[in-house]
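When a residue number appears, it is its place in the shown sequence, counting from 1.
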Amino acid sequence: MLFKHKVTYKGIEFDSRDEMNRYIELCDMQGKGFISGLRRQYSFELIPRQSKMVVKHLKTKDKMVEKFLENPAIYTCDFMYMENGAYVVEDTKSWFSRSQADDYPLRRKLMVQKIQSHNAKGRGQWIFREYIVGTKKKPGKIIDR
């Protein structure tokens with residue numbers, strides 16, 4: 001399990017210092033007109049809620065009701081914004097958290113699949129971007145999928 005150190009900047013709470021620094025950088029880019037519509041913590045439903053219809057026996061009749069089976073699978077990105085006419089869904093990660101997060105690789109793959117499906121239908125261009133923060137040993141990089 002990863003231990004996150006939450007930080008606060010101008011009354012906004014961030015999961016990490018890296019995420020806060022990226023937010024400051026994106027705000028600067030928005031101020032200069034490179035990006036627009038910056039949002040934080042935007043959620044996407046990857047897999048809908050699972051349920052089935054069952055018969056519930058009442059005193060005078062039988063009634064069909066929906067029985068809840070599973071919660072939906074939700075992916076929440078760190079940032080979403082518009083850049084060069086395309087929506088960018090961005091997640092900020094360190095090299096360590098990218099490889100050690102419990103379910104991040106699976107949710108990332110499902111989100112990339114959802115974006116590819118959306119783009120194939122011709123409803124506008126979306127990009128999934130990983131902003132990987134550099135260290136002394138490894139340089140940072142941006143991966144667009």
Side-chain angles (χ1 to χ4, degrees), residues 1-56 58 63-145:
M1 179 179 186
L2 292 174
F3 294 100
K4 295 183 180 182
H5 300 284
K6 296 199 181 265
V7 293
T8 303
Y9 172 75
K10 292 188 176 181
I12 303 169
E13 190 173 276
F14 296 90
D15 287 338
S16 68
R17 185 168 300 282
D18 294 334
E19 186 179 323
M20 179 192 73
N21 290 336
R22 181 61 176 163
Y23 175 74
I24 295 168
E25 188 177 334
L26 290 171
C27 284
D28 185 50
M29 290 171 68
Q30 183 168 258
K32 292 178 181 176
F34 296 120
I35 65 170
S36 62
L38 178 61
R39 294 182 184 182
R40 291 187 58 251
Q41 303 296 313
Y42 194 82
S43 294
F44 297 88
E45 184 178 74
L46 299 175
I47 302 171
R49 182 180 84 158
Q50 305 297 307
S51 63
K52 69 177 182 177
M53 297 302 286
V54 296
V55 176
K56 183 174 182 179
L58 303 173
K63 182 179 177 182
M64 294 296 289
V65 294
E66 186 176 22
K67 182 180 178 188
F68 167 75
L69 299 173
E70 294 284 338
N71 282 327
I74 304 293
Y75 172 77
T76 303
C77 64
D78 291 334
F79 308 106
M80 187 173 81
Y81 52 89
M82 182 77 98
E83 179 182 60
N84 299 326
Y87 284 102
V88 177
V89 176
E90 183 176 303
D91 226 343
T92 302
K93 296 286 181 201
S94 68
W95 286 103
F96 177 76
S97 67
R98 184 171 184 254
S99 63
Q100 298 298 317
D102 294 335
D103 63 349
Y104 175 70
L106 178 60
R107 288 185 190 265
R108 178 188 67 224
K109 290 173 187 176
L110 288 170
M111 188 62 197
V112 169
Q113 182 181 26
K114 185 176 186 84
I115 287 174
Q116 288 172 345
S117 173
H118 175 84
N119 290 346
K121 293 176 183 173
R123 294 192 224 157
Q125 186 66 26
W126 287 70
I127 299 168
F128 182 83
R129 177 172 291 163
E130 281 184 286
Y131 180 82
I132 302 170
V133 180
T135 64
K136 291 179 183 176
K137 295 181 180 180
K138 288 186 177 183
K141 67 180 183 177
I142 293 176
I143 302 171
D144 285 346
R145 299 182 191 272

Any chance OH of Y87 has more than 12 other-residue heavy atoms, nucleotides or ligands included, within less than 6.0 Å? no
Looking at CG of L69 and CD of E66, how far apart are the two atoms once the value is rounded to the nearest 0.5 Å? 9.0 Å
Taking every non-hydrogen atom, the tightest pair across S94 and D18: CB-OD2, 4.0 Å
Does the side chain of C27 come within less than 4.5 Å of L38's, by heavy atoms? yes
Is the shortest heavy-atom distance from the side chain of M64 to the side chain of V55 under 4.5 Å? yes
Of all the heavy-atom pairs spanning A73 and R107, show the shortest one and how long it is. C-NH1, 4.0 Å
Quick check: closest heavy atoms across V89 and C77, and the distance to 0.1 Å? CG1-CB, 3.5 Å
With a 4.5 Å limit on heavy-atom distance, are the side chains of M80 and V88 in contact? no
Just verifying a value: how many Å separate M111 CE and I74 CD1, rounded to the nearest 0.5 Å? 11.0 Å
Parallel, tilted or perpendicular: ring planes of Y23 versus F14, cut at 30 and 60 degrees: tilted
Nearest 0.5 Å, what's the CG-CD distance between N84 and Q125? 11.5 Å
Within a strict 4.5 Å, meaning less than it, do heavy atoms of the V54 and V65 side chains meet? yes
Any Lys/Arg nitrogen of R40 or D78 sitting under 4.0 Å from an Asp/Glu carboxylate oxygen of the other? no
Measure the CE-CD distance between M20 and E25 for me, rounded to the nearest 0.5 Å. 12.0 Å
Does the K114 side chain pair with the main chain of I47, one donor and one acceptor, at a distance under 3.5 Å? no
Determine, for R22 against E19, whether the closest basic-nitrogen to carboxylate-oxygen distance falls under 4.0 angstrom. no
Between Q50 and P48, is there a donor-acceptor pair closer than 3.5 Å when you use the side chain of the first and the backbone of the second? yes
Taking all atoms of both residues into account, what is the closest heavy-atom pair of I127 and A86, and its distance? CD1-CB, 4.0 Å
So, taking the atom named OH in Y75 and the one named CZ in F128, what distance separates them when rounded to the nearest 0.5 Å? 3.5 Å
Here the gap from W126 atom CH2 to N119 atom CG, rounded to the nearest 0.5 Å, amounts to 9.5 Å
Are any non-hydrogen side-chain atoms of I35 and F79 less than 4.5 angstrom apart? no
Determine whether Y9 and I24 make a side-chain contact, defined as any pair of heavy atoms from C-beta on separated by less than 4.5 Å. yes
Y81: which of Q30, E90, R39 passes side chain to side chain donor-acceptor pair (under 3.5 Å): E90
Is there side-chain contact between R108 and K93, with heavy atoms separated by less than 4.5 Å? no
Is the number of heavy atoms from other residues, nucleotides or ligands within 6.0 Å of CZ (R145) greater than 12? yes
Compare every heavy atom of T76 with every heavy atom of S43, then report the nearest pair and how far apart it is. OG-OG1, 2.8 Å
